[in-house]
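These values consider heavy atoms only, across backbone and side chains, with no hydrogens, waters or symmetry-generated copies.
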2 protein chains.
Amino acid sequence: MNAKQQNIDEVFTQVKQILDDYLKKKGLRKTLERYTILREIYAINDHFEIDELYERMKNKKYRVSRATLYNNMEVFVDAGLVIKHQFGTNSAQYERAYNYRQHDHLICLDCNKVFEFCDPRIIQIQKTTENLLGFNIVQHSLQFSGRCRTLETNW
Amino acid sequence: MNAKQQNIDEVFTQVKQILDDYLKKKGLRKTLERYTILREIYAINDHFEIDELYERMKNKKYRVSRATLYNNMEVFVDAGLVIKHQFGTNSAQYERAYNYRQHDHLICLDCNKVFEFCDPRIIQIQKTTENLLGFNIVQHSLQFSGRCRTLETNW
DNA sequence: CTCTGTGCAAACTGTTTGCAGAACG
DNA sequence: CGTTCTGCAAACAGTTTGCACAGAG
């Protein structure tokens with residue numbers, strides 16, 4: 001087992017623990033599917049759509065239905081283990097949330113590419129808002145859209 | 001004519017000018033529909049979905065098809081006159097962009113209500129990102145999701 | 001006159017739902 | 001054992017597309 005695989009396993013152990021606690025607290029069942037799906041998600045290093053996850057799992061001969069994926073994404077999001085994004089496209093994009101680089105997104109209106117960036121000041125805004133409005137904030141989602149410099153002459 | 005109506009007309013004159021410039025620059029045509037739709041949008045003081053806009057216009061006996069609405073929303077967004085949001089729901093939400101209060105959104109995971117807040121620091125983050133990544137940023141979208149204090153005991 | 005924009009309806013695509021059987025507690 | 005979770009397929013909802021005609025340039 002190489003170092004990378006070991007790290008994945010370590011993270012997954014922690015993530016599994018969080019899921020267990022969450023399921024217990026909510027009175028939900030520990031099903032094999034939930035763990036299998038979560039493990040698969042934590043092996044993906046990027047944003048993904050439900051259909052990509054479905055194909056990935058189908059290729060590995062896991063028998064999971066789309067409905068189950070949709071169901072459980074909701075569970076994972078609520079447990080704080082997965083972040084759900086709605087970029088410009090029609091399908092939702094997900095990414096793992098635990099022990100993952102904090103970052104936000106920058107989408108090019110011309111080429112639709114998604115870039116990532118990180119600015120710690122967003123956390124300060126979050127804290128201020130929490131206090132100001134008496135909200136318990138679980139997640140933030142910041143997107144900038146614009147044009148990367150390649151096609152600039154058009155505009 | 002009251003003061004409120006006068007203000008709507010004033011704003012619309014400016015907005016119309018921006019659209020005209022944009023259409024000219026892009027070689028698009030000035031159609032009656034584009035102006036009618038834009039005027040209707042600028043009479044709405046809130047977020048709205050395509051279908052709401054469609055119903056509003058139908059009630060006023062304007063004959064507009066959904067396809068035309070979808071087509072032109074894209075034009076307006078690109079012209080910077082309308083902002084498109086994708087909150088948790090499946091349908092996109094729009095709001096007018098010109099001469100409108102700068103604000104962002106806070107969505108409650110329990111009751112799905114959308115609150116607004118404003119923090120000027122977001123603009124600083126935007127500028128930094130623009131410089132850092134060499135991007136020409138047209139629009140930002142910041143959302144916090146969490147729980148308003150009512151149902152706090154559940155979690 | 002040409003060609004973009006429009007209305008309409010059908011097609012498409014992502015997501016949700018209903019149901020019968022599997023399996024967690 | 002009772003009840004939740006799953007897989008499957010059908011239903012649904014928002015959006016896009018194809019086509020014939022209207023109308024801007």
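- Under 3.5 Å, the side chain of A/R29 and the base of D/dT3 form at least one donor-acceptor pair of N or O atoms.
- We find that CD1 of A/I37 is positioned 12 Å from P of D/dC5, with the value rounded to whole Å.
- In summary, the aromatic rings of A/Y94 and A/F76 are positioned with their centroids too far apart to meet the 6.0 Å limit.
- Among the atoms of the strands shown, none is found under 4.0 Å from any heavy atom of B/D51.
- Overall, the helix from C/dC1-D/dG25 to C/dG25-D/dC1 carries an axis bend of 40° between its ends, with five pairs at each end and the value rounded to 10°.
- Residues A/E33 and B/S91 both approach DNA chain D. Their nearest nucleotides, taken by heavy-atom distance, put A/E33 toward the 5′ side.
- A close approach under 4.0 Å does occur between a side-chain nitrogen or oxygen of B/T68 and OP1 or OP2 of C/dG7.
- Under a hydrophobic clustering in which Ile, Leu, Val, Met, Phe, Trp and Tyr are joined whenever their side-chain heavy atoms come within less than 4.5 Å, directly or via other members, B/I107 and A/I83 fall into different clusters.
- For A/Q86 and C/dG14, the CD to C1' distance is 10 Å, given to the nearest whole Å.
- For A/K84 and C/dG14, the NZ to C1' distance is 11 Å, given to the nearest whole Å.
- If you check distances only, the side chain of A/R66 never reaches the base of D/dC8 with a donor-acceptor pair under 3.5 Å.
- Under the 4.5 Å side-chain criterion, counting only non-hydrogen atoms from C-beta, A/V75 is not in contact with A/D78.
- Salt-bridge check for A/K16 with A/D20: passed, with a basic side-chain N closer than 4.0 Å to an acidic carboxylate O.
- Under 4.0 angstrom from either OP1 or OP2 of C/dT16 there lies no side-chain N or O belonging to A/Y70.
- Across the protein-nucleic acid pair, A/K58 atom NZ and D/dC8 atom P stand 10 Å apart, rounded to whole Å.
- Residue A/S65 places its side chain closer to D/dC8 than to any other of C/dG7, D/dC8, C/dG14.
- The side chain of A/K30 has C/dG25 as its nearest neighbour among C/dG5, C/dG25, C/dT15.
- Atom CG in B/L69 sits about 14 Å away from atom P in D/dG14, given to the nearest Å.
- Taking the six-membered ring for Trp and thresholds of 30 and 60 degrees, A/H105 and A/H103 have ring planes more than 60 degrees apart, a perpendicular arrangement.
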Exercise. Ring pair (Phe, Tyr, Trp, His ring centres under 6.0 Å) between B/F115 and A/F135: does it pass, once the steps are laid out?
Worked result: CA-CA 10 Å; B/F115 301 86; A/F135 227 80; 5.5 Å; yes
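- Applying the 4.0 Å criterion to OP1 and OP2 of C/dA23, one finds that A/T31 has every side-chain N and O outside that range.
- Dashed line: the shortest gap from a side-chain N or O of B/N71 to OP1 or OP2 of D/dT16 is not under 4.0 Å.
- The distance between atom CE of A/M73 and atom C1' of C/dG14, rounded to the nearest whole Å, is 14 Å.
- Mapping B/V64 and A/A92 onto DNA chain C by nearest heavy atom places B/V64 at the nucleotide closer to the 5' end.
- What separates CZ of A/R34 from C1' of D/dC5 is a distance of 7 Å, to the nearest Å.
- Looking at the side chain of B/N90, the nearest of the listed nucleotides D/dT17, D/dC5, C/dT16 is C/dT16.
- The OH atom of A/Y54 sits 16 Å away from the P atom of C/dT13 (whole-angstrom rounding).
- B/K84 has no carboxylate O lying under 4.0 Å from a charged side-chain N of B/E74, or vice versa, which leaves the two without a salt bridge.
- Nucleic acid contact class of B/L32 (heavy atoms, under 4.0 Å, all strands): none.
- Between B/Y42 and B/Y98, the ring centre distance reaches or exceeds 6.0 Å.
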